[in-house]
Amino acid sequence: MALVTLRQALDEARSGGYAVGAFNVSDVIQAEAALDAAAETDSPVILAVLAGTTGHGSDERYWSALHHLIGDYPRVPVVLHLDHGPDPDTCRRAVAAGFTSVMIDGSLRGDGSPAGFAENLAVTAEVAAEAHRAGVSVEGELGTIGGSKTDGSRAEIVLADPRQASEFVAGTGVDALAVAIGTSHGAYKFDAPPDGSVLHLDLIEQIATLVPDTHLVMHGSSSLPAPLREQNNRYGAELPESWGVPQEEKVRSIAMGVRKINQGMDSHLAFTGAVRQRLGTDPRNVDPAPYVGAGRDAMRRMVAERMRIFGQAGHASDYQPIPLPDMARRYR
Ligand code: 13P
């Protein structure tokens with residue numbers, strides 16, 4: 001079974017009253033960590049892949065390796081998802097490479113400036129029509145989720161406007177909707193533990209009632225655990241103090257209707273912290289296997305813990321075999 005669409009995974013999550021974590025993976029070792037965590041906890045999993053950010057030689061080479069890896073986990077329902085597709089062409093490449101879900105991020109223009117509502121709606125509708133013809137699910141974005149810049153500052157957040165939700169969903173046909181509620185991507189998020197003035201979970205509640213058949217997605221959900229930051233810093237990193245989204249807020253968001261929780265930075269912190277520690281305490285080693293393996297294990301443990309918190313653990317065996325989208329079947 002292995003590959004499933006985002007629509008199927010999130011419909012299952014709605015029936016079971018849980019959310020599915022979308023874990024960013026930038027190479028096959030990180031993907032293996034997430035898949036092992038899913039196998040260990042009997043969870044469905046969303047592998048979230050950004051275009052143009054892998055250490056492999058090319059996206060297509062990496063994506064093809066992912067298909068081979070996923071084939072080794074026949075009991076794990078896996079959504080292979082393009083995270084933040086910046087334009088229709090990138091989404092087309094992912095569909096052609098057998099992804100079962102694509103996100104088109106129409107909230108930003110190519111130059112990083114916020115796109116208008118009509119512009120966002122038009123590009124999302126174009127991608128959704130094409131992807132749906134291939135049986136692939138689509139996620140769009142309402143509002144703009146902020147982002148960390150490399151200097152530690154944060155890019156602008158534009159909160160989702162509930163008044164636009166119904167029109168956006170009706171005009172695009174998206175399966176899932178990322179709603180900007182005050183979170184931001186990256187390793188530099190909040191200067192203090194976030195409360196209701198920062199995280200607008202009320203928006204989730206309002207939008208969930210307005211578009212009940214569309215699954216809501218919370219981006220920027222890493223918690224940035226202090227022990228992981230300290231581990232990285234002890235072995236050479238210089239990460240400033242920063243707070244992410246507390247686990248209790250994620251659990252609360254699930255009760256309000258969130259069905260997909262995106263987190264990548266926590267995996268990177270866990271992976272890189274273990275790699276740094278291994279290199280720092282094993283100064284004569286030059287073989288990558290021990291430190292890469294330490295990174296994979298640290299990430300696997302963290303992802304398995306999150307799968308239990310999100311409630312997806314124990315639900316892989318609920319899935320019935322389903323017909324795959326044509327493109328995904330071709331690349332199996
Ligand atoms: P973090 O940056 O908080 O890990 O969130 C990742 C994300 O939302 C990817 O779309």
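Every number for a ligand or one of its atoms is a count from 1 in the order of the listing. All residue numbers in this chain count up from 1 along the given sequence.
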Do [X] and [Y] have side-chain atoms, one donor and one acceptor, less than 3.5 Å apart?
{"X": "Glu139", "Y": "Ser101", "answer": "no"}
{"X": "Ser222", "Y": "Lys189", "answer": "no"}
{"X": "Asp175", "Y": "His132", "answer": "yes"}

Side-chain donor/acceptor pairs under 3.5 Å, residues 36-44, sequence neighbours excluded:
residue: Asp36; atom: OD1; partner: Tyr73; partner atom: OH; Å: 2.7
residue: Glu40; atom: OE1; partner: Arg300; partner atom: NH1; Å: 3.0
residue: Thr41; atom: OG1; partner: Ala37; partner atom: O; Å: 2.8
residue: Thr41; atom: OG1; partner: Ser43; partner atom: OG; Å: 2.6
residue: Asp42; atom: OD2; partner: Ser317; partner atom: OG; Å: 2.8

* Structure fact -> Min over Ser267, Ser222, Gly186 of heavy-atom distance to atom 2 (O) of ligand 1 lands on Gly186
* **Option nearest atom 3 (O) of ligand 1 (shortest heavy-atom distance, choices Lys189, His219, Glu139, Lys260)** => Lys189
* Could you list which atoms of ligand 1 come closer than 4.0 Å to a heavy atom of His84? => 10 (O)
* Structure fact -> Near Gly264 (heavy-atom distance under 4.0 Å), the atoms of ligand 1 are 1 (P), 4 (O), 5 (O), 6 (C)
Protein heavy atom at shortest distance from [atom]:
{"atom": "atom 9 (C) of ligand 1", "answer": "Asp83 OD2, 3.0 Å"}
{"atom": "atom 8 (O) of ligand 1", "answer": "Gly220 N, 2.7 Å"}
{"atom": "atom 7 (C) of ligand 1", "answer": "His185 CD2, 3.2 Å"}

* Distance-only, no hydrogens or angles: does the Thr54 side chain make a donor-acceptor pair with backbone N or O of Ser26 under 3.5 Å? -> yes
* **Glu249 bridged to Arg252 by N-O distance under 4.0 Å** => yes
* With a 4.0 Å cut-off on heavy atoms, is Met218 touching ligand 1? -> no
* For Glu167, look at atom CD and say whether over 12 heavy atoms of other residues, nucleotides or ligands are found less than 6.0 Å away. => no
* Atom CZ of Arg61: over 12 foreign heavy atoms under 6.0 Å -> no
Ligand 1 versus [X]: contacting region, heavy-atom distance under 4.0 Å:
{"X": "Ser221", "result": "backbone"}
{"X": "Asn262", "result": "both"}
{"X": "Ile145", "result": "neither"}

